[in-house]
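Nothing here was measured: the structure is a model prediction, and the numbers come from that model. Both backbone and side-chain heavy atoms feed into the values below; hydrogens, waters and symmetry mates do not.
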Amino acid sequence: MNPMLALRQYQKVNGVAQTSEASPHRLVQMLMQGGLDRIAQAKGAMARNDVPQRGILIGKVIGIVGGLREGLDLENHADSLTDLDNLYAYMSKRLIEANVQNDPEILNEVARLLITVKEGWDAIGDQLTDA
């Protein structure tokens, strides 16, 4: 068996196991980290001028941000989540622009925004475990 194929299969199985045991809070953390990982990979694809891979990776980040946005409970908490919803919409727009313009600086901007949101989310998790 190809060692790289075996590694990918292990990573896939390991990822499924982690998500099946994770709390909703942890799943959101994993999504955010996955988005940051895909942004880094997309920047690598840009540097290699690998246009198809860049598009695939940025598309995955857009999907992750869309999933985070869909997870917002705007029906019950619209007042407190409107700004975050708008931020996710902005990130998606900027990701499309990064792909069209082949601009790694836009990816850096989105990564910084996602890191800021993730740090806040991580802090909430710390408060939950300390309680």
Is there a chain of hydrophobic side chains (I, L, V, M, F, W, Y, each step under 4.5 Å between heavy atoms) that links Ile56 to Ile39?
->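 Shared cluster, no.
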ILVMFWY cluster, Ile115 and Ile106 together (side-chain gap under 4.5 Å) =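 Each belongs to a different hydrophobic cluster.
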Hey, could you give me each pair passing salt bridge (charged side-chain N to carboxylate O under 4.0 Å, His left out) that has a residue in residues 36-62? Not counting sequence neighbours.
->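 Listed by first then second residue: nothing to list.
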Any pair with a residue in residues 76-103 that passes salt bridge (charged side-chain N to carboxylate O under 4.0 Å, His left out), sequence neighbours left out, goes on the list, sorted by first then second residue, please.
->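 Every pair satisfying salt bridge (charged side-chain N to carboxylate O under 4.0 Å, His left out) with a residue in residues 76-103: Arg69-Asp85, Lys93-Glu97, Arg94-Glu97, Arg94-Glu109.
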Under the side chain to side chain contact (heavy atoms under 4.5 Å, CB included) test, residues paired with Asn49 that sit two or more places apart |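 Listed in chain order: Val51.
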CG-CG distance between Leu113 and Leu87, expressed to the nearest 0.5 angstrom |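 Those atoms lie 5.5 Å apart.
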Measuring from Leu114:CG to Ile64:CD1, what's the distance to the nearest 0.5 Å?
->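 The CD1 atom of Ile64 is 8.5 Å from CG of Leu114, to the nearest 0.5 Å.
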Just do the side-chain contact (heavy atoms from CB on, under 4.5 Å) check on Met91 and Val117 with the steps written out, would you?
-> CA-CA 12 Å; Met91 285 185 204; Val117 174; 4.3 Å; yes
Out of Ile58, Leu57, Val61, Leu36, which residue meets the side chain to side chain contact (heavy atoms under 4.5 Å, CB included) rule with Gln41?
->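 Only one option passes, and that is Leu57.
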Minimum heavy-atom distance [X]-[Y], with the two atoms named:
X	Y	answer
Val65	Ser92	CG1-OG, 3.5 Å
Lys118	Gln33	CE-OE1, 3.4 Å
Ala42	Leu107	CB-CD1, 3.9 Å

Just by modelled atom types, is the Leu72 backbone N or O under 3.5 Å from a matching donor or acceptor in the His77 side chain?
->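 No; zero donor-acceptor contacts below 3.5 Å.
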Atom CD of Gln101: over 12 foreign heavy atoms under 6.0 Å =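 More than 12 within 6.0 Å, yes.
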